[in-house]
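Let me begin by presenting the structure, written as structure tokens, before commenting on it.
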Protein chains: 2
Amino acid sequence: MADDDQLSRVFAALADPTRRDIVARLAAGDATVGDLAAPYDVSVQAVSKHIRVLTDVGLVSQTRDAQRRPCHLEADVLDLMTAWIERYRRQAQARYERLDDVLAEMGEDGHDPRRSRGAAS
Amino acid sequence: MADDDQLSRVFAALADPTRRDIVARLAAGDATVGDLAAPYDVSVQAVSKHIRVLTDVGLVSQTRDAQRRPCHLEADVLDLMTAWIERYRRQAQARYERLDDVLAEMGEDGHDPRRSRGAAS
DNA sequence: CTCTTGCTCAACCAACTGGTTGAGAAAGGA
DNA sequence: TCCTTTCTCAACCAGTTGGTTGAGCAAGAG
């Protein structure tokens with residue numbers, strides 16, 4: 001379950017508003033650490049740490065340009081989250097849409113569907 | 001914006017593998033705290049705390065059934081995350097595809113050189 | 001070479017998190 | 001009525017996190 005750990009770390013990385021903002025700005029184009037740090041009211045070191053977290057989870061990659069470290073968004077990792085979220089959202093929605101059928105069946109014998117059964121797909 | 005804080009808390013809530021698993025299981029159907037706690041190797045109180053976090057961010061709602069507290073997945077909140085993620089993933093991908101266009105056009109004929117690097121603000 | 005710029009590393013600190021145990025509330029069953 | 005089940009609250013503890021400052025490395029500029 002290395003994937004599980006990866007997912008946890010990506011969710012945790014994006015739980016911070018500063019890091020989410022960094023990702024949002026990198027979606028518009030690559031930027032150096034200094035560029036990214038400029039708008040925030042914290043030290044450059046703090047932003048550097050944020051970028052470190054983002055690179056650790058694979059959301060951002062860094063190259064070299066003289067003293068500068070341009071940051072680049074690796075958008076593929078975002079698909080990992082979307083895949084997880086959409087899977088269960090769809091599953092829940094499908095169950096919701098089947099509610100009419102369930103209610104109809106409950107009408108005949110009062111079957112109680114409390115205990116969760118095996119996963120669908 | 002208040003939405004920002006909500007988003008941070010939902011991401012943080014799903015950064016925990018146990019809570020993600022709870023959400024996954026609730027997608028298959030409602031369950032009580034005891035049902036949800038059963039498979040895990042932690043105390044019921046710990047699971048109760050996890051559920052508290054999920055309800056605080058609006059991912060889960062709880063009703064009453066005698067002593068039991070059936071939990072229900074509120075899948076709408078998941079859309080909030082998907083919206084955020086997809087927005088920037090698409091933006092990054094669009095930029096990426098535009099870069100391919102530029103490179104392709106540069107290879108065929110020297111057309112309008114669009115910016116491949118958008119400086120952030 | 002020295003100076004400046006751009007960034008990271010290291011140590012430290014306050015706040016938060018996920019776990020524990022113990023106590024207790026709420027509601028049905030004996 | 002008292003007992004049992006189900007769940008939450010409170011206090012506490014260890015580990016993590018986001019911030020700070022200070023030092024230091026890498027590379028172009030003078």
Side-chain angles (χ1 to χ4, degrees), chain A residues 1 4-23 25-26 29-57 59-73 112 114-116, chain B residues 4-23 25-26 30-57 59-73 117 119-121:
Chain A
M1 308 291 185
D4 190 70
D5 193 52
Q6 159 89 341
L7 207 45
S8 291
R9 285 162 52 188
V10 178
F11 273 112
L14 292 182
D16 184 281
T18 301
R19 285 195 294 260
R20 263 197 329 277
D21 195 56
I22 289 174
V23 167
R25 289 167 60 207
L26 285 178
D30 296 2
T32 68
V33 176
D35 286 342
L36 291 171
Y40 309 124
D41 198 19
V42 295
S43 64
V44 180
Q45 288 96 320
V47 175
S48 180
K49 270 197 190 178
H50 280 309
I51 293 171
R52 180 73 142 75
V53 172
L54 292 172
T55 57
D56 280 350
V57 303
L59 270 169
V60 165
S61 63
Q62 271 180 302
T63 51
R64 265 217 104 107
D65 170 27
Q67 309 104 313
R68 268 152 247 113
R69 262 78 160 185
C71 300
H72 175 79
L73 180 64
D112 182 10
R114 177 178 301 131
R115 249 296 190 173
S116 55
Chain B
D4 191 69
D5 193 52
Q6 158 88 342
L7 208 44
S8 291
R9 286 162 52 190
V10 178
F11 272 112
L14 292 181
D16 185 281
T18 300
R19 284 196 294 260
R20 264 199 327 278
D21 194 56
I22 288 174
V23 167
R25 289 166 61 206
L26 285 178
D30 295 2
T32 69
V33 176
D35 285 343
L36 290 171
Y40 310 124
D41 197 20
V42 296
S43 64
V44 181
Q45 289 96 321
V47 175
S48 180
K49 270 197 190 179
H50 280 309
I51 293 171
R52 180 71 141 77
V53 172
L54 292 172
T55 57
D56 280 350
V57 303
L59 269 169
V60 165
S61 64
Q62 272 181 303
T63 51
R64 264 216 105 106
D65 171 25
Q67 309 104 315
R68 269 152 247 115
R69 263 78 160 187
C71 299
H72 175 78
L73 180 63
R117 199 207 129 158
S121 113

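Both backbone and side-chain heavy atoms feed into the values below; hydrogens, waters and symmetry mates do not. Letters A, B, ... are given to chains in the order of the sequence lines, protein chains preceding strands, and every chain is numbered from 1.
Residue A/Ser48 places at least one side-chain N or O closer than 4.0 Å to OP1 or OP2 of C/dT8. Under 4.0 angstrom from either OP1 or OP2 of D/dT17 there lies no side-chain N or O belonging to A/His50. Regarding contacts with the backbone of C/dC7, a side-chain N or O of A/Thr32 is found under 4.0 angstrom from either OP1 or OP2. Between A/Arg68 and D/dA26 there is no side-chain polar atom (N or O) within less than 4.0 angstrom of OP1 or OP2.
Residue order along DNA chain D, read from the 5' end via each residue's closest nucleotide, puts B/Lys49 first among B/Lys49 and A/Ser43. Comparing A/Val44 and B/Arg52 by the nucleotide of DNA chain D that holds the closest heavy atom to each, the one mapping nearer the 5' end is B/Arg52.
A/Val47 places a side-chain heavy atom less than 4.5 Å from the side chain of A/Ile22. Counting heavy atoms from C-beta on, the side chains of B/Arg9 and B/Asp56 come closer than 4.5 Å. Residues B/Arg20 and A/Ser8 meet the side-chain proximity criterion, which asks for heavy atoms closer than 4.5 Å.
Note: CG (A/Leu14) to C1' (D/dT17) measures 16 Å, nearest angstrom. Computed from coordinates, the A/Ile51 CD1 to C/dC7 C1' distance equals 9 Å when rounded to whole Å. Following rounding to the nearest Å, A/Asp65 (CG) and D/dA26 (C1') show an atom-to-atom distance of 13 Å. Straight-line distance from the CG atom of A/Asp16 to the C1' atom of C/dT17: 15 Å, rounded to whole Å. Distance, A/Tyr40 OH to C/dC7 C1': 17 Å, rounded to whole Å. Across the protein-nucleic acid pair, A/Gln62 atom CD and D/dA26 atom P stand 16 Å apart, rounded to whole Å. Here D/dC7 presents its C1' atom at 14 Å from CD1 of B/Ile22, a figure rounded to the nearest Å.
Formation of a donor-acceptor pair under 3.5 Å by the A/Arg64 side chain with backbone atoms of A/Ala66 is found in this model. Judged purely by atom type and a 3.5 angstrom limit, B/Arg69 has no side-chain atom pairing as donor or acceptor with the backbone of B/Gln62.
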Practice problem: Please test B/Val57 against B/Leu14 for side-chain contact (heavy atoms from CB on, under 4.5 Å), starting from the C-alpha separation and ending with a verdict. | Solution: CA-CA 10 Å; B/Val57 303; B/Leu14 292 181; over 6 Å; no
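Residues B/Asp35 and B/Arg25 come closest through the heavy atom pair O-NH2, 3.0 Å.
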Self-check item: Letter per nucleotide, 5' to 3', of nucleotides 23-30 of chain C [B base touched, S only sugar-phosphate touched, - untouched; heavy atoms, 4.0 Å]
Solution: B--SBS--
